[in-house]
Amino acid sequence: QVQLVESGGGFVQAGGFLRLSCAASGRTFSSHDMGWFRQAPGKGREFVTAISRSGFSTYYAASVKGRFTISRDNAKNTVYLQMNSLSPEDTAVYYCAAGPAGGPLANLAKYAHWGQGTQVTVSS
């Protein structure tokens, strides 16, 4: 079982930046692929980015590529999401997720463990 706790959300002006963190409990963090998803009001949960268990492979949604960076520190059981050049369209609750290694990183169904989410609000 993996328990995930996100932090780092908040309120920022357009063009600003935030860094989200997701701390995982348990001793199996390094065996999981990790993803970030987001859900805006009235919309479904959408893929943002993900990273393989080793950290060697990453994948980004087209809407965030070049602005967001995912990374992980397996020694600290933590995955990070650096978000730059934020726009109001990035406003959402951001969720961290863990899934078994292998398979498409962007596949929401692959992720069995989810955090409670952290709110990111970007003002224009």
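Note that the coordinates shown come from a computational prediction; the quantities given were computed from them, not determined experimentally.
- Between Gly115 and Glu6, the shortest heavy-atom distance links the atoms CA-OE2, 3.2 Å.
- Contact detail for Ser21 and Thr78: the closest heavy-atom pair is CB-CG2, 4.3 Å.
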### Message
Could you walk me through whether Met34 and Arg53 satisfy the side chain to side chain contact (heavy atoms under 4.5 Å, CB included) test, starting with their C-alpha distance in whole Å, then the side-chain angles of each, then the deciding distance to 0.1 Å, before giving a yes or no?
### Response
CA-CA 7 Å; Met34 299 297 297; Arg53 64 175 181 173; over 6 Å; no

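- For Gln116, the CD atom sits in a packed shell: over 12 heavy atoms of surrounding residues, nucleotides or ligands are nearer than 6.0 Å.
- Atoms CH2 and CG, on Trp36 and Leu81 in that order, are 6.0 Å from each other to the nearest 0.5 Å.
- Here CD of Gln39 is found 9.5 Å from CD of Glu46. Values are rounded to the nearest 0.5 Å.
- Sequence neighbours left out, the pairs with a member in residues 55-108 that pass ring-ring contact (aromatic ring centres under 6.0 Å, His included) are Phe47-Tyr59.
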### Criterion side chain to side chain contact (heavy atoms under 4.5 Å, CB included) on Leu20 and Val120, from CA distance to verdict
CA-CA 9 Å; Leu20 305 183; Val120 171; 4.1 Å; yes

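- Side-chain atoms of Asp33 never come within 3.5 Å of backbone atoms of Leu105 as a donor-acceptor pair (strictly under, hydrogens ignored).
- Contacts classified as salt bridge (Lys or Arg N to Asp or Glu O under 4.0 Å) and involving residues 79-99 (residues at least two apart or in different chains) are given here: Arg38-Asp90, Arg67-Asp90.
- Not counting sequence neighbours, Arg72 has no partner by the salt bridge (Lys or Arg N to Asp or Glu O under 4.0 Å) test.
- No side-chain heavy atom of Val122 sits less than 4.5 Å from a side-chain heavy atom of Gln13.
- Here the shortest heavy-atom pairing between Ser31 and Thr28 reads OG-O, 2.7 Å.
- Residues Ala24 and Phe29 share a closest heavy-atom pair of CB-CD1, 3.4 Å.
- Note that OG of Ser25 and CG of Asn77 are 8.0 Å apart. Values are rounded to the nearest 0.5 Å.
- A side-chain donor-acceptor contact under 3.5 Å links Thr118 to the backbone of Gly9.
- At a threshold of 4.5 Å between side-chain heavy atoms, the hydrophobic network of Ile, Leu, Val, Met, Phe, Trp and Tyr places Tyr111 and Leu4 in two separate groups.
- Surrounding CZ of Phe17 are at most 12 heavy atoms belonging to other residues, nucleotides or ligands under 6.0 Å away.
- Taking both residues in full, the closest heavy atoms of Pro88 and Ala14 are given as CD-CB, 4.2 Å, listed atom of the first, atom of the second, then distance.
- A pairwise comparison of heavy atoms in Ala92 and Ala40 identifies CB-N, 3.8 Å as the closest pair.
- Under the 4.5 Å side-chain contact rule for hydrophobic residues, Ile70 and Phe37 do not share a cluster.
- Looking at heavy atoms from C-beta onward, Cys96 lies out of side-chain contact with Trp114 at the 4.5 angstrom threshold.
- Here the CD1-OG distance, from Ile51 to Ser57, works out to 8.5 Å after rounding to the nearest 0.5 Å.
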